[in-house]
Structures are given as C-alpha cells and as structure tokens.
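Structure first, commentary second.
Bear in mind that the values here come from a model prediction, so they are computed numbers and not experimental data.
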Amino acid sequence: MFTSELPNLSLSRSAELVLSEAKSVRFFNSAAELVEASVPEDLVDEQGYFTVGYEVDGKMVPEVKVCRVKNGISANYIEPYMRRRDSECMVIADDRATDKTTYKSRFNEDFEDLRQETFAWLKQQDLACFFFDAGREGKGLPALVICPANAGFFALGLAMLQGIIPMEEIEAKGEKYHHSAIIYIAPPFRHTHFGGKQVVVHNRREELHELYSYNLYPGPSAKKGVYGMLLTLGEKQDWTTAHCSTVQVVTPYDNTITIMHEGASGGGKSEMLEQMHRQSDGRLLLGTNTTNGEKRHLALPLGCELRPVTDDMALCHPDLQDAASRERKLTVVDAEHAWFLRVNHITKYGTDPHLEGLTIHPDEPLLFLNIDATPGSTALIWDHIEDEPGSPCPNPRLVFPRSKYPGIVNDPVTVDIRSFGVRCPPCTKQLPTYGIMGIFHVLPPSLAWLWRLVAPRGHGNPSIVDTEGMSSEGVGSYWPFATGRRVDQANILLHQVLGTPDTLYVLVPNQHIGCWETGFAPQWIAREYLSRRGSAPFAEGKLTDSRCSLLGQSPKTIQVEGQTIGHWFLHVETQPEVGTEGYDRGAEILTEFFHQQIQTFLDPDLDPKGREIIEACLAGATVDDYVRLSQ
C-alpha cells in the first residue's frame with residue numbers, strides 16, 4: 001500500500017488516508033506513462049474505443065470516448081455541454097474573503113459533508129496520482145493530483161499542462177517535501193450532486209489549497225483551477241499571473257520586440273503566436289464588407305519571425321523584476337509546460353500550415369479534445385466534432401508541449417508592448433454596436449488599467465457556454481479563475497501597470513472593424529506594424545485622440561511595407577456604412593457598459609489612485625485626463 005511504499009513522504013492527512021485505503025494506487029512519472037494508461041488495451045471495444053464512465057444510481061453513465069490515434073490520444077465527450085467550460089463552475093468552500101459564489105450560498109449546505117463523501121468515493125477506486133509544481137519551481141505551489149485511474153486521459157492533460165515530477169525526485173526529498181496544493185478528481189458527483197453541471201470547488205485552507213474537480217473537462221480544473229491556485233498565492237504576495245500570450249517578434253530588419261497580448265477567452269491570445277493566415281495567392285485578407293461583399297487585401301511578402309514565450313498564463317513574480325533596470329517594464333515567464341490550444345478557426349487544410357504540420361507529425365503524442373478522430377487514424381485539427389448535425393463544436397482543443405514548439409523562449413522576457421484584444425461585432429448606422437475600434441489604439445497606462453478591469457468578453461466567444469451579448473471577464477480577464485476579492489486584484493494590477501510606464505499599451509479588436517468582417521487580421525497587422533516601428537513613443541502628430549475617449553488615441557495613418565492602410569480601418573466613423581451617427585451610438589453603448597462595470601470596484605480598500613481614475617472615467621474623462629492620471 002501507499003504508506004509502506006513511501007513511509008517518509010509528508011502529505012496532508014486527508015490525502016494520506018485516501019491513498020492508504022484506496023483500492024489501488026499508481027504514481028506516474030511521465031506523460032508517456034499516462035499516454036499508455038489513457039486507453040487500456042484490454043478494455044477497448046471492438047472499434048478500439050475506451051469509454052470512460054461511472055456508476056450513477058446503479059447505472060453506468062458514459063462520459064468520454066477515448067482512442068489512440070497516430071499522433072496521440074483523442075477524447076470526445078458524450079454531452080456537447082461538456083465540450084467547453086461553464087463560466088459558473090467555480091465555488092468557494094472556505095470562509096476566507098471572496099467575492100465569488102460560495103458553496104454554502106449556492107447549495108445551502110456546508111462543503112464538509114461532500115468533502116468526506118468525495119474521500120469515501122475515491123477510497124473505493126483504482127487511483128492514478130502524480131506530483132507537479134503549479135507555476136515554476138520555487139515560484140509557485142508544489143502539488144499532488146489524485147484521479148480515478150480510468151480517467152487517464154484527464155490526468156494526461158493535466159500532466160502535460162502543468163508538468164510532472166518523477167517519483168524518484170519526490171522520494172529523494174522525503175520528509176522535506178511538503179505540498180501546498182492538491183487536486184481531487186471525482187467525476188460522477190456531477191450527476192449525483194450537481195444536476196449534470198460542471199462544478200469546481202476551491203477550499204483555501206491555512207497551508208493547503210484544495211481543489212475538487214467534479215467533471216472531466218480539463219478547462220475548469222486542470223487548466224483554470226490551477227490558475228486559480230496561482231492567483232490565490234499571488235494575492236497573498238502582491239503579484240499576479242497574467243492571462244496572456246507573449247511572443248518575441250523578430251522583424252525582417254533584425255529588430256526584436258516582445259509583445260504581451262491579454263484578453264478574455266477568444267480575445268486572440270493563441271492567434272498572437274500564429275503566423276498570418278494567408279489567401280491562396282499569399283495575400284492577407286484584411287476584411288470583407290458585410291454590406292456589399294467588397295474585399296480588401298494586404299500584400300506582405302515577408303512576415304516577422306515569431307518566438308513564442310507564453311500562450312495563456314504568464315508569471316509576473318517579483319523575483320523576475322529588475323528594479324535596477326533603466327526601463328520600467330514588466331518581466332514575465334511561462335507558468336505552464338504545455339498549451340491548451342483552441343483551433344475552432346482552423347476549418348480546412350491549409351489554414352495554418354505551421355500548426356497543422358506540428359500536430360500531424362508531433363515528436364511525442366498529443367492530446368486532442370473535440371476532434372472527430374477514429375482509432376488508428378490521424379487526428380486533424382480542422383476536423384471538429386459536431387455538437388449536432390451540421391453544427392461543429394466551437395471549442396476544439398489540443399494540448400501541445402511547449403518544449404516541442406519551434407523557436408520557443410524558455411527564459412524570462414521583458415515586455416515592450418502590452419496589447420489587449422476584444423472580440424467585436426459588426427457595426428453599422430442601422431445596427432450600431434461597440435464594434436467601433438480601429439486596427440489598434442494607443443492607451444495611456446491609466447486607461448489600459450481600466451480596460452483590464454472591464455475585460456469585455458465580447459462577440460461570439462467560442463470557449464465557454466454562454467456567448468450572447470457583451471459581458472465582462474473582469475480584472476485582467478482572469479477574474480473568472482480568481483478565488484478572492486476584485487478589489488485586491490484591481491490594486492495588484494494598478495500597481496503593476498502604473499509601475500511599468502515605459503511599456504507601450506495598445507488595444508486591438510478582432511472579428512470586425514465597423515462593418516468589415518476581419519477575423520484576426522487587425523491583430524496580425526498591428527503586430528507586424530508595431531514590431532517594425534519598435535516600442536518607442538509615437539512622435540508628436542502621429543496620433544490623434546479617438547472620437548470615443550475610452551479608445552485612447554488612433555494613428556492618423558499607418559504603412560506596412562510601403563502599403564497604406566485605408567483610413568476606414570483606423571477611424572471607423574469614416575466608414576460610410578457607420579458614419580458619426582453610428583459611431584457615437586456605439587460609443588454610448590461602450591461607455592455605458594464601462595460605467596456599469598467599473599462602479600463595482602469603488603470599494604473602500606481600492607487604492608486612492610485607482611479611485612481617482614475610475615471617478616474620472618465616470619465623469620467623462622478625456623484622453624488628456626487619462627495621460628495626467630498615468631503620472
């Protein structure tokens with residue numbers, strides 16, 4: 001049994017009891033071992049599928065069909081609901097300070113009874129376990145995973161995302177090893193206690209962060225649950241883990257610029273690491289006019305070289321910052337070992353040859369979710385499973401090890417440009433919306449902070465269950481994963497943003513610019529243009545105040561490789577289909593939404609500077625006001 005195998009290992013008492021009394025326990029040392037455990041050869045059906053299921057009220061309820069494919073493991077959920085994260089999945093079980101829904105308020109009972117039921121159920125199972133470090137070693141949380149053995153594919157995803165520490169290293173530490181986080185996986189409780197809904201419970205004890213995952217989609221627990229652990233740790237120590245991708249961009253002229261791109265789900269984080277999606281003739285489709293079908297292209301013979309740094313989570317740990325540096329900029333490093341890539345925008349062969357090639361012939365097995373693959377086939381990232389006939393799942397995913405990504409940067413990097421992405425709907429004078437942003441806008445730091453407080457989820461978000469209308473993900477766009485108070489995270493971000501004034505802050509839309517459907521072209525063009533010009537401040541006269549002050553300043557004109565971008569892509573009010581009337585109504589919609597969201601941060605514990613910025617916004621601050629408030 002466990003206790004006799006590792007007599008000197010120091011674990012929490014609850015974990016020791018579960019592992020000591022379980023039906024069986026196997027500790028895994030590598031992702032490769034979990035690949036083998038994901039599809040037990042003696043338990044597959046005639047077609048080659050292994051069905052992950054659990055007994056509920058005397059009946060076996062199937063959850064996931066898993067199979068081996070030539071390029072890894074493919075897992076598909078039986079229920080379409082389980083193919084993306086439920087934004088209401090998180091609850092807090094403890095009595096520590098929080099603005100989040102507590103377990104008691106949602107379910108009208110204390111968590112302790114269910115906690116003990118969870119332990120009792122796990123004791124009846126064959127268990128798969130492993131150790132990992134949430135974040136980076138020494139800058140995060142030593143953690144343990146306890147998972148039912150038949151959910152090997154889930155454990156594989158978690159091990160790939162967060163890393164796995166071989167048992168020999170843990171054994172060598174013996175009594176000196178102490179874990180400060182633990183994840184318990186108990187899938188059938190979704191049906192027996194929560195009406196089929198995804199629920200993830202955080203229990204923040206004095207020296208141990210417990211996470212209980214009552215579902216098998218990695219997003220809420222293996223991914224965002226661990227993110228919540230890191231945010232909780234940072235809240236105690238006045239730092240954060242940013243919700244962003246980061247890339248070093250090397251221009252054709254050997255200029256290297258580091259861009260950190262933040263935003264809510266669907267805001268373009270993964271796309272910031274991708275090369276531009278070109279047409280068959282090599283041109284970039286800038287946009288298609290939704291009113292008359294007119295198209296605009298950009299010919300860009302040579303794009304920049306991309307060296308990825310982070311895909312979704314960047315540690316902004318104090319130990320990484322250089323207080324002696326002449327430039328006051330933020331330094332970050334990746335908080336993950338693999339990336340949870342969404343590929344809903346890759347709908348056919350040739351859309352992204354780079355990523356397609358990496359995933360068809362990987363150096364080691366990958367994990368595919370919501371991809372329509374059969375046993376022994378090659379999982380193709382453009383072949384998405386259908387939620388219903390004719391309706392492809394909007395959230396196809398794969399887990400890709402960052403160590404296998406070409407050109408990856410492993411060392412900490414200093415950020416030159418910090419962009420924020422927003423999914424925008426089409427805007428016309430007949431149907432005005434907040435889709436009034438140009439290719440990019442330059443923001444004073446104080447205004448950049450406000451955008452991170454509001455963090456609009458925006459139009460047509462593919463990653464989560466509720467996608468209608470405009471809503472806020474709040475506080476850096478990572479608020480859905482945080483366990484504490486909004487005001488504490490707001491203060492941390494305020495100090496970070498105002499403390500790095502040498503960073504260039506920009507706002508970038510995707511999907512639409514006014515009446516033009518653009519996809520992610522604005523983001524790719526902004527990346528190419530800003531990298532070529534560098535991070536130096538814009539010369540006087542190059543920018544003009546946006547008609548809506550929440551959009552900071554807009555470039556008067558931009559040229560990319562000698563090609564001038566039309567003014568209607570920079571100043572939406574100049575589009576005949578929008579005009580000043582449609583633009584101003586869109587500005588009203590955006591302003592009303594901002595005012596509604598930022599008022600929630602007027603807490604007595606908010607930093608006085610933050611209160612001043614919010615009150616100025618509510619009073620109709622100008623761009624000059626935001627510049628002054630950034631000092």
Side-chain angles (χ1 to χ4, degrees), residues 11-22 54-57 61 82 85-125 127 129 134 141 143-148 151 154 178-217 219-222 224-233 235-236 465 479-489 603:
L11 299 179
S12 67
R13 177 161 177 75
S14 296
E16 284 187 353
L17 288 174
V18 168
L19 296 176
S20 297
E21 299 179 29
Y54 301 92
E55 186 175 301
V56 178
D57 297 330
V61 177
M82 284 302 299
R85 175 174 59 87
D86 189 329
S87 62
E88 304 299 323
C89 64
M90 173 191 282
V91 292
I92 307 299
D94 55 76
D95 295 326
R96 299 180 184 276
T98 184
D99 290 330
K100 290 299 181 64
T101 301
T102 63
Y103 185 90
K104 188 171 186 177
S105 66
R106 181 169 172 180
F107 301 108
N108 299 312
E109 62 183 15
D110 290 329
F111 177 64
E112 185 58 29
D113 287 346
L114 181 61
R115 182 170 177 264
Q116 294 303 323
E117 284 186 58
T118 305
F119 296 153
W121 182 83
L122 287 168
K123 290 175 183 178
Q124 300 170 19
Q125 310 303 311
L127 299 179
C129 306
L141 296 163
L144 168 65
V145 179
I146 298 179
C147 178
F154 180 93
H178 298 280
H179 66 106
S180 50
I182 189 167
I183 302 177
Y184 295 102
I185 315 297
F189 285 61
R190 177 170 77 91
H191 303 286
T192 57
H193 291 72
F194 304 122
K197 295 295 185 181
Q198 300 174 20
V199 172
V200 174
V201 182
H202 287 261
N203 190 30
R204 302 167 298 175
R205 306 177 72 188
E206 187 65 36
E207 296 183 357
L208 180 67
H209 191 136
E210 296 179 338
L211 187 146
Y212 297 82
S213 178
Y214 297 113
N215 72 95
L216 283 177
Y217 180 55
S221 46
K224 302 307 184 185
V226 174
Y227 197 172
M229 292 176 170
L230 288 172
L231 291 170
T232 302
L233 176 65
E235 187 176 306
K236 297 176 183 177
V465 173
W479 175 243
F481 329 127
T483 64
R485 301 193 305 163
R486 288 184 185 87
V487 66
D488 296 327
Q489 292 296 335
D603 184 282

Exercise for the section: Check Tyr184 against Ala15 and note the closest heavy-atom contact, atom names and distance. Expected result: OH-N, 3.5 Å
Problem - Pair Cys89-Val199, side chain to side chain contact (heavy atoms under 4.5 Å, CB included): steps then yes or no - result: CA-CA 4 Å; Cys89 64; Val199 172; 5.7 Å; no
Practice task
Measure from the ring center of Phe194 to the ring center of Tyr214 and say whether it is less than 6.0 Å.
Solution key: yes
Practice task
Grab the two heavy atoms, one from Ala222 and one from Phe154, that are nearest each other, plus how far apart they are.
Solution key: CB-CZ, 4.1 Å
Exercise for the section: Using a strict 4.0 Å threshold on nitrogen-to-oxygen distance, state whether Lys104 and Asp110 make a salt bridge. Expected result: yes
Exercise for the section: Please name the pair of heavy atoms, one in Pro480 and one in Arg85, separated by the smallest distance, quoted to 0.1 Å. Expected result: CB-NH1, 4.2 Å
Practice task
For Lys100 and Arg485, indicate whether the former's side chain and the latter's backbone hold a donor-acceptor pair under 3.5 Å.
Solution key: no
Exercise for the section: Please confirm whether the backbone N or O of Gly196 pairs with a side-chain atom of Arg190, one donor and one acceptor, at under 3.5 Å? Expected result: yes
Practice task
Find out whether Val145 and Ile182 are in side-chain contact, i.e. whether some heavy atom of one side chain is under 4.5 Å from a heavy atom of the other.
Solution key: no
Completion exercise
Separation between CD1 (Ile146) and CG (Leu11), nearest 0.5 Å, reads 8.0 Å
Practice task
Could you give me the CA-CA distance, side-chain angles and deciding distance for His178 and Glu207, then say whether side-chain hydrogen bond (donor to acceptor under 3.5 Å, both in side chains) is met?
Solution key: CA-CA 10 Å; His178 298 280; Glu207 296 183 357; over 6 Å; no
Problem - Backbone N/O of Leu114 and side chain of Thr118: donor-acceptor pair under 3.5 Å - result: yes
Practice task
Indicate yes or no: does Arg205 engage Glu210 in a salt bridge with an N to O separation below 4.0 Å.
Solution key: yes
Problem - Separation between CD1 of Ile185 and CD of Gln125, rounded to the nearest 0.5 Å - result: 13.0 Å
Problem - Note, Arg115 side chain near Ser14 side chain (heavy atom, < 4.5 Å) - result: yes
Exercise for the section: Could you tell me which non-hydrogen atom of Ala181 sits nearest to which non-hydrogen atom of His179, and how far apart they are? Expected result: O-ND1, 3.2 Å
Exercise for the section: Report yes if the side chains of Tyr103 and Val91 come closer than 4.5 Å at any heavy-atom pair, otherwise no. Expected result: yes
Practice task
Look up atom CG in Leu208 and atom CG in Leu211, then write down how far apart they are to the nearest 0.5 Å.
Solution key: 11.0 Å
Completion exercise
Shortest non-hydrogen pair, Trp479 vs Gly484, comes out as CH2-O, 3.2 Å
Problem - Name of the residue among Met229, Glu235, Lys236 meeting side-chain contact (heavy atoms from CB on, under 4.5 Å) with Thr232 - result: Lys236
Practice task
Using a strict 4.0 Å threshold on nitrogen-to-oxygen distance, state whether Glu16 and Arg13 make a salt bridge.
Solution key: no
Fill in the blank from the handout: Taken to the nearest 0.5 Å, the spacing of Phe189 CZ from Tyr212 OH works out to 11.0 Å
Fill in the blank from the handout: d(Leu230 CG, Thr483 OG1) to nearest 0.5 Å is 11.0 Å
Practice task
Would you mind listing every salt bridge (Lys or Arg N to Asp or Glu O under 4.0 Å) that reaches into residues 191-204, with sequence neighbours excluded?
Solution key: Asp94-Arg204
Exercise for the section: Answer yes or no: is there a side-chain heavy-atom contact under 4.5 Å between Leu122 and Leu127? Expected result: yes
Practice task
Look at the aromatic rings of His202 and His209 and report parallel, tilted or perpendicular, splitting at 30° and 60°.
Solution key: perpendicular
Exercise for the section: With the side chain counted from C-beta on, respond yes when Leu144 and Ile183 share a heavy-atom pair under 4.5 Å apart, and no when they do not. Expected result: no
Handout entry: Side-chain touch Pro220/Phe481, heavy atoms, less than 4.5 angstrom
Key = no
Handout entry: Flag, side chain of Asp99 to backbone of Arg486, donor-acceptor distance under 3.5 Å
Key = yes
Handout entry: Any Asn215 side-chain heavy atom under 4.5 Å of Pro187 side chain
Key = no
Fill in the blank from the handout: Distance col, row Glu55:CD vs Trp121:CH2, nearest 0.5 angstrom, shows 11.0 Å
Practice task
Given side chain to side chain contact (heavy atoms under 4.5 Å, CB included), test Ser105 with Thr102 step by step and report yes or no.
Solution key: CA-CA 5 Å; Ser105 66; Thr102 63; 2.9 Å; yes
Handout entry: Pair Arg96 + Glu206, salt bridge at N-O below 4.0 Å
Key = yes
Exercise for the section: Determine whether Tyr54 and Leu216 make a side-chain contact, defined as any pair of heavy atoms from C-beta on separated by less than 4.5 Å. Expected result: yes
